[in-house]
Amino acid sequence: MAATASGRHAWRQLMRDTSRRSVSTNGSNFLRYQQQLYRSPFSRQVSSSSGRVALRSPSSLLRQQQQQQPLGQRLYSSESSQGSGNTTPPPPPPPPKNSRSQVKFWPFVVVIALGSGGYMLLVNNRKEMPPTDKNAQGATPAFSPSEVTVLFVLGGPGAGKGTQCARLVNDYHFKHLSAGDLLRAEQNRPGSQYGQLIKDYIKDGLIVPMEVTVALLENAMRDTITESKGATNKFLIDGFPRKMDQALKFEEIVCPAKLVLFYDCPEAEMERRLLERGKTSGRADDNAESIRKRFRTFVETSMPVVDHYEKENRVVKVDATATPDKVYATTQEKLKNVLGDKL
Ligand code: C5P
Ligand code: MG
């Protein structure tokens, strides 16, 4: 039975600034309310028994509601200038007699001292607490980065990501999850409500809405961990994230990535490889027209993701122009420098 678990991961901020204010305009009072309602664009359905994520309907994905009304200006009273027309401020009231003796300061001193002491105690306790898995958004990802290792593998179409991943799987027991392969499998799954949507996006070299891809990856990771009884916990996530929203959402709700392995290859070389592969791959997007569209998506949408991780010093960049053997030797050397000999 599916239980709704949208609250934990949803961005939600309801009924903001509902303050009432009594104002006077032209002698009549009225109330002004302001409400802001943010709707969650990423509410998930998680099965309580298997923990698998159910995908939302394609139509709801395409019409994500983000209604955000600007706050209107508040109207304030102009009553100070109304009436007599006398703008001279009244004289200040005389100070009360024996005012010094009426104000007692010691209760304030006691309250401040107790408050400061309590705060220091809290700070010291926090120092000794183990770090939590909560991320900057306050959400807890499905998998802890201390138990599960995720390496994102990026590069243009035809850069050789799949080829290099297969070798790393062989030598270091990673589980290889290709976002493109998972999308194609979902597209071909009988009864999938996403089949047509995925097909159209792939043909045009566009990025499928992130909800679909993130959910497919999370489910595949969960299945791998469950089936191996926890023994397989290192993932090469190939061809993902291809867009900033995928990167942020995956790290927020699934698992923060350790690093990005980026295969850098000139477009002419990638085109040559893809056209060669297209002779036998049977892929609907390994043709000259789709390849052009995929290159444009890569430059405009996916490179900003690499730039983002580069700013965070999380990118291991490998020149992918050489033969698969040479590229693999460089990959091993560079990964070992960062992760140690066992990867
Ligand atoms: O990685 P691969 O070349 O197999 O991806 C094929 C297509 O799948 C991409 O061109 C894109 O349409 C889609 N895709 C996506 N998001 C990803 C990975 C692939 O939309 N993260
Ligand atoms: Mg691939």
Side-chain angles (χ1 to χ4, degrees), residues 55 58 61-62 150-169 174-189 192 194-221 235-251 253-255 257 260-263 265 267 269-271 273-278 280-306 308-309 318 320 324 327-328 331:
L55 292 169
L61 286 176
L62 295 175
V150 166
L151 308 191
F152 290 147
V153 184
L154 291 179
K161 303 181 292 292
T163 307
Q164 297 300 319
C165 283
R167 294 176 179 220
L168 288 167
V169 166
F174 281 98
K175 173 71 181 175
H176 175 218
L177 294 177
S178 153
D181 287 351
L182 288 171
L183 286 167
R184 280 183 287 273
E186 179 64 24
Q187 175 196 313
N188 297 327
R189 188 172 62 81
S192 168
Y194 298 97
Q196 195 55 48
L197 180 140
I198 295 172
K199 195 173 182 181
D200 293 343
Y201 273 82
I202 289 185
K203 186 91 201 301
D204 286 336
L206 295 171
I207 304 301
V208 174
M210 64 151 175
E211 286 85 349
V212 176
T213 320
V214 171
L216 289 173
L217 284 168
E218 180 177 345
N219 286 341
M221 287 174 70
F235 294 90
L236 290 170
I237 308 230
D238 164 3
F240 183 94
R242 293 269 245 281
K243 196 173 174 183
M244 268 318 292
D245 65 351
Q246 293 184 342
L248 298 175
K249 188 48 72 180
F250 183 93
E251 294 209 273
I253 69 164
V254 183
C255 187
V260 175
L261 183 54
F262 172 53
Y263 288 105
C265 193
E267 216 166 275
E269 174 62 16
M270 294 195 289
E271 185 179 17
R273 291 178 190 176
L274 289 174
L275 289 174
E276 188 59 34
R277 185 176 78 180
T280 53
S281 71
R283 275 179 56 163
D285 58 350
D286 279 348
N287 59 73
E289 198 192 334
S290 292
I291 289 170
R292 236 190 339 272
K293 292 176 179 171
R294 289 159 73 193
F295 282 160
R296 191 179 327 133
T297 301
F298 174 67
V299 172
E300 291 173 2
T301 313
S302 306
M303 269 317 284
V305 177
V306 179
H308 163 79
Y309 285 112
V318 176
V327 175
Y328 187 56
T331 301

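Both counts, for ligands and for their atoms, begin at 1 and track the order of listing. Model, not experiment: these values are computed from the prediction.
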Just jot down the ligand 1 atoms closer than 4.0 angstrom to any heavy atom of [X], in number order.
X	value
L206	11 (C), 12 (O), 20 (O)
R184	4 (O), 6 (C)
Y201	12 (O)

To which of [options] does the heavy atom nearest [atom] belong?
atom	options	value
atom 3 (O) of ligand 1	K293, R283, K161	R283
atom 14 (N) of ligand 1	V208, I207, L183	L183
atom 2 (P) of ligand 1	R294, K243, R242	R242
atom 17 (C) of ligand 1	G156, G239, S178	G239
atom 7 (C) of ligand 1	V153, V305, L154, I202	I202

One thing to verify: whether K203 and D200 come together as a salt bridge, which I'm taking to mean a side-chain N less than 4.0 angstrom from a carboxylate O.
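Looking at K203 together with D200, the answer is no, because their closest N to O distance does not fall below 4.0 Å.
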Ionic contact status for E289 with R292, cut-off 4.0 Å
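No, this pair does not count.
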Would you check if there is a donor-acceptor pair between the side chains of T163 and Y328 at a distance under 3.5 Å?
no
Under 3.5 Å: N/O of G180 near N/O of ligand 1
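Among all N and O atoms of G180, none is under 3.5 Å from an N or O of ligand 1.
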Pairs of donor and acceptor atoms involving the side chains of residues 238-245, under 3.5 Å and at least two apart or interchain, shall be tabulated with distances.
residue: D238; atom: OD2; partner: H176; partner atom: NE2; Å: 2.9
residue: R242; atom: NH1; partner: G239; partner atom: O; Å: 2.9

Let's go through M221 and I237 carefully: what are the C-alpha distance in whole Å and the side-chain angles of both, what is the deciding distance for side chain to side chain contact (heavy atoms under 4.5 Å, CB included) to 0.1 Å, and is it a yes or a no?
CA-CA 10 Å; M221 287 174 70; I237 308 230; 4.0 Å; yes
Show your reasoning for whether side chain to side chain contact (heavy atoms under 4.5 Å, CB included) applies to Y309 and F152.
CA-CA 10 Å; Y309 285 112; F152 290 147; 3.6 Å; yes
Among all protein heavy atoms, pick the one closest to atom 16 (N) of ligand 1 and tell me residue, atom and distance.
Q246 NE2, 3.4 Å
Over all atoms of both residues, closest heavy-atom pair of D286 and R294:
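In terms of heavy atoms, the two residues are closest at OD1-NH1, 3.0 Å.
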